[in-house]
Amino acid sequence: MGVFSNSFEKKWFFFFIFLYVLIMIPFPWYYNESYVPGFFGVPVFLYSWLVHNSVVIIGIILFAQACLKRKDYQAIEKFLEE
Amino acid sequence: MSENYQTSEFILPFFIILAIYLIILGFIGYYASRNTKTLADFFVLSGKAGAIVSGFAYFASQYSISTFMGVPAITFATGFAGMSVSIPGIAFSMIIPALFVGRKLLLMRKKFGYLTMSDYLEDRYESKILKLIHAVLIVVFLIALMGAQTVGAGIILNTFTGLPEWIGVVSMGIIVVLYCMFGGMKGAMMTDVIQGFLMVTTAVVTFIISVKAGGGMENITAQLAEKSTAYLSHPGVKNNYSWTTYVSMILLWSFFTIGQPTLFTKFFAMKNYSTLFKAVILGTLGMLLSATLIEWSGVNAIVSLGDLSSNDFIVPTLLRENLDPIFASLLIAGIFSAGMSTIDALLVVATGGITRDIYQNIINPKASEKTILKLSIIVTVIVGALGVLVGLSKPDSIFGLIKFAFGGLGVWVASIILGIYWKKSNAIGAISAVIIGELIYILSKLGVINISFGLDPLIVSWAVTFVLMLVICRFTTSVSSKTIERHFDNLLKI
């Protein structure tokens, strides 16, 4: 349940942290001091943020499904519902 | 463009819609009060909140009136770079706290019966002093946060009806106090569902009308480019969204939300893991949709609204200029909602800080649950009144007040994370680190010292807190083995 408690947790933790750090790196598609127009003239960085956020949300959905299938989570789930 | 919008055609619909909306909230508060029998009901809904309530409540509590007024004001002044304030890292807002602490907190509440964040700190660090310091500080910072919300209410009322701002400030305070007094967390979280829905609707409609008012997206960006391409690139036309600010904002609204007691306790209220994950997905989608569209509307308004004396007027003005009075009033209720849904959570948590953590912990340990519940009602009124006083004195802009208080609470993240992940963390380390961290943060904010390296002062203050805790705890005695076993070795043993 902790971020380093087993290989499953570690794998997902590093997946989210990778995405978290990635968005902070000043790649020109995330942070740009020049105007690079995308669709309708909107700066490309705004579209990149939205794509990045969508990938994170898909990651959350997959993570949730994977967690709830695991026996350790199911055992705690039963305890929480008691 | 004229800012004298106080025409009679808006006053009647505005008050009628607001009255209907408040009656609905009052009814929910009354319903919640009938089901609030114990302290656990009052503070954490006895850990029975479902996914929809939890998701909406988390998002509606984090996103306040600042999201609908203060932040669009920034994007209006800065351009697209201003959207760095929350959009780049928005999907991390709930998953980062859920990953690091949320899943453990849910289990701990069930096992150890925590009702407040201070309960956790006291139990983990075996320290009533740490609990007291935390309780006092959260009450101070939460009152400042409440003040910021009421400031927004005053501006809305003034923009729409011409009535003095103080009436809006006081009215919002009274309404929220009324439904929190008796309904506690249940009243707050149930109303959050309606408020969250209204917030999303307001954001969607405001975005559509802002594009239309600007003559279409292509025309808006072309006009902005003609004015200056700084509106369409970093660090923005005001030169205030540099890369360090960009990184600070991502960290601030995700990692540092771990230290926000109003969000922390939401994990205590969730029923189980299935609820937690669904709430994270739902809440994240709500945040992404509403923040993106409302902040983008602020940029679009540069073309259609031109110069305004106060940028905080952007969204109310867009609605008022482009919609009929009834529909505009309905959506304005959405902005009121944003403020109310944040104040209600703040009120419940601040009340908990005073009644449970200070009164029951220090002054009267033998106080019965009934006494605390009664006292909670009185304290809710007092804390609400103090929030209103801050709103009336308006010491800073909405966003300025929120950032200050948010940072003050964010300093606690080191003691929470290390408490959960490091067995050697102890009270001496946590207390010393937090006191020094808070001092550095406040002195940096006041401009007395400058060691932030262009980042938000919270980040440096937190880093100092973290390192100090590591060093002090390394050379001092850990908490008892019994506590270590409960919090680490036996926590997952069911």
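Just so we're on the same page: letters track the sequence lines, and every chain starts at 1.
Using modelled atom types, one side-chain atom of B:W243 and one backbone atom of A:M24 make a donor-acceptor pair closer than 3.5 Å. Of the possible donor and acceptor atoms, none in the side chain of B:E218 sits under 3.5 Å from a partner among the backbone N and O of A:G41.
Salt-bridge formation is detected for the pair A:E9/B:R103: a Lys NZ or Arg NE/NH1/NH2 atom is positioned less than 4.0 Å from an Asp or Glu carboxylate oxygen.
Interatomic distance, B:L276 CG to A:C67 SG, rounded to the nearest 0.5 Å: 9.5 Å. Note that the CG atom of A:L50 and the CD1 atom of B:I87 stand 7.5 Å from one another [nearest 0.5 Å].
In this pair, B:Y421 and A:F4 present their aromatic rings perpendicular. The plane angle is above 60°, beyond the 30 to 60° band.
Remark: aromatic rings of A:Y20 and B:F255 are distant, center separation not under 6.0 Å. Note: A:F13 and B:F100 meet the aromatic proximity criterion, with ring centroids under 6.0 Å apart.
Proximity to chain A among residues 288-297 of chain B is limited to B:L288, B:T292, B:W296, judged by heavy-atom separations below 4.5 angstrom. By a heavy-atom distance cut of under 4.5 Å, B:L232, B:S233, B:H234, B:P235 are the residues of residues 231-238 of chain B near chain A, going up by number.
In this structure, B:N219 has no side-chain hydrogen bond (donor to acceptor under 3.5 Å, both in side chains) partners at least two apart in sequence or on a different chain. Checked against side-chain hydrogen bond (donor to acceptor under 3.5 Å, both in side chains), B:T483 has the following partners two or more places apart in sequence or in another chain: B:E126, B:S480.
Of the two parts of B:F80, the backbone and the side chain both hold a non-hydrogen atom closer than 4.5 Å to a non-hydrogen atom of chain A. Using a 4.5 Å cut-off between heavy atoms, A:L68 contacts chain B through its side chain alone, with no backbone atom that close. Neither the backbone nor the side chain of A:F39 comes within contact range of chain B; no heavy atom of the residue lies under 4.5 Å from a heavy atom of that chain. Both the backbone and the side chain of B:L251 come within less than 4.5 Å of a heavy atom of chain A. Contacts of B:L224 with chain A are absent, with no heavy-atom separation under 4.5 Å from either backbone or side chain.
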